Amino acid sequence: MVAELATKTIRVTPELRLTEVLAEANSSPVLLESDGNVYRLSKESVTTAPSASERPGAAMPAQSRDDGLAEFERIVLPGPREGESFRDFFMRTRAEEIARDEIDADPAVLTPEQEEEVAAIERVLQRAEKVRREHGLLDDSTEIIRRDREARSRHLAEL
């Protein structure tokens with residue numbers, strides 16, 4: 001019987017340091033959560049890891065640390081820019097992938113299936129925004145428990 005390793009979830013914030021995340025992933029896989037998206041990060045064994053020249057974004061001697069971080073963010077942390085619609089985000093990232101020869105397509109033309117999928121995602125995002133406007137942000141249970149505990153503590157302190 002194989003025991004499954006406990007997986008730690010790390011919330012991605014601007015203050016998060018890549019070296020700390022890699023240190024966590026050194027012993028067991030970790031989950032990175034950013035804006036509702038979850039990514040799995042695990043250490044590859046030396047025998048299966050691609051060589052530096054084969055890895056996309058692999059740090060070459062002349063590359064700076066910032067180049068490696070930019071590549072990490074491009075792969076792991078994609079997201080729309082402030083005020084950018086999902087359609088604009090999709091078309092921008094699609095054009096970037098075409099420019100990097102990752103996909104072969106016309107950047108301005110979507111198939112009918114892609115048009116339908118983009119429209120469906122836009123409807124879901126609009127609905128979620130409407131719920132946020134009408135009911136506030138939906139919080140995770142840990143945050144709700146923390147706020148309730150703080151409110152009880154303030155109430156007890158006033159007694």
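From a predicted model like this one, the values you see are computed outputs, not experimental measurements. One-based numbering along the sequence shown.
Note that CD of Glu150 and NE2 of His155 are 15.5 Å apart. Values are rounded to the nearest 0.5 Å. With values rounded to the nearest 0.5 angstrom, Thr19 atom OG1 is found 11.0 Å from Glu24 atom CD. Here the straight-line distance linking atom NZ of Lys130 with atom CG of Leu125 works out to 15.0 Å at 0.5 Å rounding.
Screening Arg87, Arg92, Arg94 against Phe90 for a side chain to side chain contact (heavy atoms under 4.5 Å, CB included) leaves a single residue, Arg94.
For the residue pair Glu122 and Phe86, the shortest heavy atom distance occurs at CG-CB, 4.0 Å. Ile98 and Asp106 make their closest contact through CD1-C, 4.0 Å (heavy atoms, listed as atom of the first residue, atom of the second, distance).
Residue Asp104 qualifies as open at atom CG: its count of foreign heavy atoms under 6.0 Å is 12 or below. Within a 6.0 Å radius of CD in Glu116, other residues, nucleotides and ligands contribute 12 heavy atoms or fewer.
You'll find the side chain of Met91 stays beyond 4.5 Å of the side chain of Val118, heavy atoms only. A heavy-atom distance below 4.5 Å is found between the side chains of Leu41 and Leu22.
For the pair Glu97 (side chain) and Arg100 (backbone), a donor-acceptor distance under 3.5 Å is absent.
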For the pair Arg154 and Glu158, evaluate salt bridge (charged side-chain N to carboxylate O under 4.0 Å, His left out) and give the outcome as yes or no after the intermediate values.
-> CA-CA 6 Å; Arg154 281 192 303 274; Glu158 293 171 359; over 6 Å; no
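Hydrophobic clustering (ILVMFWY, side-chain heavy atoms < 4.5 Å, transitive): Ile121 and Val124 are in distinct clusters.
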